[in-house]
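Taking it in order: structure first as structure tokens, then the write-up.
Only this structure's heavy atoms are used, side chains among them; waters, hydrogens and symmetry mates stay out. Each chain gets a letter, A, B and so on, in the order its sequence line appears, and its residues count up from 1.
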Amino acid sequence: MSDTKRFLYVNRKAPHGTIYALESLEVVLIGAAFEQDVSLAFLDDGVFQLIKKQATTGIGVKNFAPVYRALGDYDVKKIFVERESLEERGLSEDDLMEITHENDDEEDVSSVEIVDRARMAEIMAAQDVILSF
Amino acid sequence: MKIGVVVNEGPYTHQASDTAYQFTKASLEKGHEIYRVFFYHDGVNNATRLTVPPQDERNVQRNWSELAEKYQLDLVVCIAAAQRRGILDDSEAKRHGKGDGAANLAPGFRISGLGQLIESGIQSDRLVVFGD
Amino acid sequence: MSTLHTVNKSPFDRGSLESALAHALPGDAVLLIEDAVVGARSAAARIAEVLKAAMPACSLYVLGPDLSARGIPTTDVIDGMTVVDYAGFVDLVTGHDKTQAWL
């Protein structure tokens, strides 16, 4: 009997207008210590959480975007971004920040995978626990 | 079955806490075990003992406290979210120099880390999230 | 592996219902609670069509106490949707492998 479960964190909200993106990220970081099988999903307005060059000084709020780039250090290696959500918002993969992790050969490889909606639905279906905020 | 509940919104503005309460109560009445109710984001505001709603309205905090007493529920408030929003137990109030009597954590609730949420996901057969 | 999807926002205001339906797989269930129940009225043609289109594959439910609170009689609910109470909500949670909240 294994205590390892497949955890998916679903992010559907844009950052900064509400605290959900930041406090969800805090759960992911803490959760990393539990050595579960963790994936992150970004869809709908959640794709805006991964946009490059977020500059928050103008709104007087701490910029937590760099934390996403450190996810690899927390052994979070599976980040799925929904293609249709990007396209509906006029975005492409090039607009997203680079998030990498070290593979078994100690090479930096991308943690981000762009998936279509049907694949996203399968990824969701394959989980044991889905946390959405 | 073992069910974990997560509450992401505070009382009164959103229905989330009320729905979570009705769901938790119905689960218990059906004989299920509630492994834990975890309060996160503005959900930590359900745990202040200082709310004074009008007499003819439900008291969301008291509902939770009474349910916890009746069924020995584990009501856990996230410490990081609670500190941001001014929900303190005795030791946290002392540690941050907020003065005597500043603690406002209601009976039946305890403050702990986010690990308690992950643990609830691991240990529960089902995790149900209520929010905005 | 089947999933119970819960939706709590009005489909006239947010995209969460349509997003949930777009990601629900055959055999899944979708439960409308809180403000989402305003989308369960058969007279609201556009949303009713969206829900009906999902029906052959997924079972659709709506929380009765939330309908009543909003003055929506169960007779107004789209044919084929099932009205449940909180106990029924609990049965839906335990009857599916997991629950996904479309917040």
Check: Relative to chain A, which segment of C:Leu103 carries a heavy atom at a distance below 4.5 Å: side chain, backbone, both, or neither?
Finding: both
Margin query: For C:Thr99, which atoms come within 4.5 Å of any heavy atom of chain A: side chain, backbone, both, or neither?
Written below: backbone
Flag yes if more than 12 heavy atoms outside [X] fall under 6.0 Å of its [atom1] atom; otherwise flag no.
| X | atom1 | answer |
| --- | --- | --- |
| A:Tyr74 | OH | no |
| A:Asn103 | CG | yes |
| A:Arg69 | CZ | no |
| A:Glu98 | CD | no |
| A:Asp105 | CG | yes |

Notebook entry, point to check: Between A:Leu43, A:Asp45, A:Val129, A:Leu8, which shows the greatest number of heavy-atom pairs under 4.5 Å with chain C?
Noted result: A:Leu43
Checklist line | Separation between CG of A:Asp128 and CE of C:Met1, rounded to the nearest 0.5 Å | finding: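 These two atoms lie 5.5 Å from each other.
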Next item on the list: Can you measure from OG (C:Ser19) to CD (A:Glu82) and round to the nearest 0.5 angstrom?
Entry: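 If we round to the nearest 0.5 Å, C:Ser19:OG and A:Glu82:CD are 6.5 Å apart.
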Next item on the list: Can you see which heavy atom on C:Ala101 is nearest to which on A:Ser132, and at what distance?
Entry: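 Taking every non-hydrogen atom into account, O-OG, 2.7 Å.
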Notebook entry, point to check: Side chains of A:Val10 and C:Gln100: closer than 4.5 Å at any heavy-atom pair?
Noted result: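 Yes; the side chains approach each other to less than 4.5 Å.
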Next item on the list: Applying side chain to side chain contact (heavy atoms under 4.5 Å, CB included), run through C:Arg14 and A:Arg12 and close with a yes or a no.
Entry: CA-CA 12 Å; C:Arg14 309 258 192 113; A:Arg12 296 182 50 247; over 6 Å; no
Under 4.5 Å heavy-atom distance to chain C, tell me which part of [X] shows up: side chain, backbone, both or neither.
| X | result |
| --- | --- |
| A:Phe133 | backbone |
| A:Glu84 | neither |
| A:Ala126 | backbone |

Notebook entry, point to check: Is there a side chain to side chain donor-acceptor pair (under 3.5 Å) between A:Glu122 and C:His23 once you walk through the steps?
Noted result: CA-CA 8 Å; A:Glu122 287 170 8; C:His23 293 85; over 6 Å; no
Note to self: Checking the side chain of C:Lys98 only, and the main-chain atoms of A:Ile130 only, is there a donor and an acceptor separated by less than 3.5 Å?
What the structure shows: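 Absent.
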